[in-house]
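Chain letters run A, B, ... following the sequence lines, proteins first and then strands; every chain starts at 1. Note that the structure is predicted; figures quoted are calculated from it, not measured.
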There are 2 protein chains.
Amino acid sequence: MAQPATNVALSHCAHDHEACITDALARADTVCRQQGLRLTAIRRRVLELIWANHQPTKAYDLLAQINAKRGNAAPPTVYRALDFLLEAGLIHKIESQNAFIGCAVDHERNQPKFFICRECGRAAEIQSSQIDDVIASEAQEAGFVVDHQTIEVDGLCAACAGAESTNS
Amino acid sequence: MAQPATNVALSHCAHDHEACITDALARADTVCRQQGLRLTAIRRRVLELIWANHQPTKAYDLLAQINAKRGNAAPPTVYRALDFLLEAGLIHKIESQNAFIGCAVDHERNQPKFFICRECGRAAEIQSSQIDDVIASEAQEAGFVVDHQTIEVDGLCAACAGAESTNS
DNA sequence: CTAATAGCGTTATCATATAACATCAAGGAG
DNA sequence: CTCCTTGATGTTATATGATAACGCTATTAG
Ligand SMILES: [Zn+2]
Ligand SMILES: [Zn+2]
Ligand SMILES: [Zn+2]
Ligand SMILES: [Zn+2]
């Protein structure tokens, strides 16, 4: 189950992945400094690994990656870091996969939601607030007070759908 | 973790619960007969327990309920029944709780989605297709081919929100 | 510096889910 | 009816996901 830190799945999506990781860590530093949160070495390392994988990553895979170079960390080490990062809004949990992914989105006006490709495994975070609006109005109608939402849409991303139709 | 089969949480929602269970089982019989599926004794029993609980129920709680009267079933017994029921569309999995709940909804035109109350624990399945429409259009725009969706909105149901504001 | 607190290491254990293989029951072909 | 195939179930073991509890250490407020 443990996976290499490099991300094969991104082959169809060219971008400067090193910068991607660096930027995410820089943002995290800023956010934590502003909010008086402590982004300790372990927490930072876990966040870095999550971004390096660049797709939903399981807690025990992160643990294996941490321990890859002679480490010997135990599960609570990772779960505590994950709890912190979730709390700080720096990552999200993909409930349908028991996996975690980095967040690069401003959530002041819309809640997390994902398109997840079954082929390449990537989870794209959607920013539109249309879905939130509809949910809000449906909730209003039902007298339901929304607290938190889990929206995970599985399917085929554009790149993988294109590849598939080309092959057939 | 194991819970009694009767459902305290439904106290604020008066309805003929026995009929509720009976109807669900009758519908299941019909669906399975029409589709050539075998609703065996165990599968039927698991479905009955899920409806009896009437809120998202965990696999091991179901197992405990099955074994309550001198039984000795093992986990695969329950998980296999759950797999069958999921496949047949007779239940849904609430991913954010690792729990299962009965379905009484026609899904020809809209996918499963839930409002889940943190207070009473009930999960109400929403039927509106507005949310599906918005997701479909967002997906279209992104070139994403939707296969399956997980939509779970947590919060306070009308009854529990009312009770809370009354108390304060 | 000191005390209080937050973070972390470590061990054990709980909770969720599946693999693998043996056995059994139902239904069709001959 | 008998044999055979298939799908369902029983059983044991194990994989995978997550947390409790406790003591030590590092950080920081005063
Ligand atoms: Zn996000
Ligand atoms: Zn893809
Ligand atoms: Zn349903
Ligand atoms: Zn409620």
Side-chain angles (χ1 to χ4, degrees), chain A residues 1-3 28-29 32-33 35-47 49-50 53 56-67 69-88 90-101 121 150 152, chain B residues 1-3 28-29 32-33 35-50 53 56-67 69-88 90-101 150 152:
Chain A
M1 208 39 143
Q3 297 176 349
D29 284 329
C32 288
R33 190 156 14 83
Q35 304 193 9
L37 301 174
R38 293 171 54 191
L39 189 61
T40 63
I42 297 175
R43 292 167 177 174
R44 203 164 191 282
R45 175 84 177 114
V46 169
L47 183 60
L49 286 170
I50 288 175
N53 290 329
T57 306
K58 308 210 161 215
Y60 275 70
D61 289 341
L62 291 168
L63 185 57
Q65 291 171 13
I66 285 176
N67 288 338
K69 315 192 212 168
R70 297 215 151 279
N72 198 28
T77 298
V78 164
Y79 280 104
R80 284 194 284 234
L82 290 171
D83 286 344
F84 170 87
L85 295 169
L86 284 169
E87 187 74 21
L90 295 170
I91 62 172
H92 297 299
K93 179 172 186 181
I94 306 292
E95 297 286 355
S96 59
Q97 300 185 0
N98 296 318
F100 303 85
I101 190 166
T150 302
E152 300 168 9
Chain B
M1 207 42 140
Q3 299 176 348
D29 285 328
C32 289
R33 190 155 14 82
Q35 305 193 9
L37 302 174
R38 294 171 55 191
L39 189 62
T40 63
I42 297 175
R43 292 166 177 175
R44 204 165 190 280
R45 176 82 178 116
V46 169
L47 183 60
E48 182 187 8
L49 286 170
I50 288 175
N53 290 329
T57 306
K58 307 211 160 215
Y60 275 71
D61 288 342
L62 291 167
L63 185 57
Q65 291 171 13
I66 284 176
N67 288 337
K69 316 191 211 170
R70 297 214 151 279
N72 198 27
T77 297
V78 164
Y79 280 104
R80 284 195 284 234
L82 291 171
D83 286 344
F84 170 86
L85 296 169
L86 285 169
E87 187 74 20
L90 296 170
I91 63 172
H92 298 298
K93 179 172 186 180
I94 305 293
E95 298 286 355
S96 58
Q97 300 185 359
N98 297 317
F100 303 85
I101 190 166
T150 301
E152 300 168 9

> Less than 4.5 Å apart, any side-chain heavy atom of B:T150 and any of B:S96?
Replying inline: no
>> Measure CG/A:L63 against P/C:dT11 and give the value in whole Å, please.
In response: 14 Å
>> Strictly below 4.0 Å: does B:T77 bring a side-chain N or O up to OP1 or OP2 of D:dT9?
In response: no
>> Closest-nucleotide mapping onto DNA chain C: is A:F84 or B:Q97 further toward the 5' terminus? I mean the 5' end.
In response: A:F84
> Rounded to the nearest Å, what distance is computed from the CG atom of residue B:L62 to the P atom of nucleotide C:dA17?
Replying inline: 11 Å
> Nearest-Å distance, CG (A:D83) to C1' (D:dA18)?
Replying inline: 9 Å
> Does a side-chain N or O from B:T40 land closer than 4.0 Å to OP1 or OP2 of D:dT9, or not?
Replying inline: yes
> Rounded to the Å, how far apart are A:Y79 OH and D:dT16 C1'?
Replying inline: 8 Å
> Can you find a side chain N or O atom of B:N98 that sits less than 4.0 Å from OP1 or OP2 on C:dA15?
Replying inline: no
>> Between B:E152 (side chain only) and B:I94 (backbone N and O only), is there a donor and an acceptor less than 3.5 Å apart?
In response: no
Let me check something: any side-chain donor-acceptor pairs from residues 69-84 of chain B under 3.5 Å, sequence neighbours excluded? List them with distances.
unit_1: B:T77; atom_1: OG1; unit_2: B:A74; atom_2: O; d: 3.4

>> Please determine whether side-chain contact (heavy atoms from CB on, under 4.5 Å) holds for the pair B:T57 and B:L49, giving the CA-CA distance in whole Å, both sets of side-chain angles, and the decisive distance to 0.1 Å.
In response: CA-CA 9 Å; B:T57 306; B:L49 286 170; over 6 Å; no
> B:L63 versus B:K58: any side-chain heavy-atom pair under 4.5 Å?
Replying inline: no
> Is any N or O donor-acceptor pair between the side chain of B:Y60 and the base of C:dA17 shorter than 3.5 Å?
Replying inline: yes
> For B:E87, what residues pass the side chain to side chain contact (heavy atoms under 4.5 Å, CB included) criterion, not counting sequence neighbours?
Replying inline: none
>> Using the side-chain heavy atoms of A:I42, tell me which of these nucleotides is nearest: D:dA18, C:dC8, C:dA17.
In response: C:dC8
> In degrees rounded to 10°, what angle is found between the helical axes fit to the five outermost pairs at each end of the helix from C:dC1-D:dG30 to C:dG30-D:dC1?
Replying inline: 30°
>> Strictly by salt bridge (Lys or Arg N to Asp or Glu O under 4.0 Å), give each pair with a member in residues 35-45 of chain B just once, sequence neighbours left out.
In response: B:D29-B:R44, B:R45-B:E48
>> Counting primed atoms plus P, OP1 and OP2 as sugar-phosphate and everything else as base, spell out the protein contacts along nucleotides 22-30 of chain D at 4.0 Å heavy-atom distance: B, S or - for each nucleotide, 5' to 3'.
In response: -----S---
> Separation of A:L82 atom CG from C:dC8 atom P, in whole Å?
Replying inline: 12 Å
> Under a 4.0 Å heavy-atom cut-off, which of residues 69-76 of chain B touch DNA chain D?
Replying inline: B:A74, B:P76
> Between atom CG in B:L85 and atom P in D:dT9, what is the gap in whole Å?
Replying inline: 11 Å
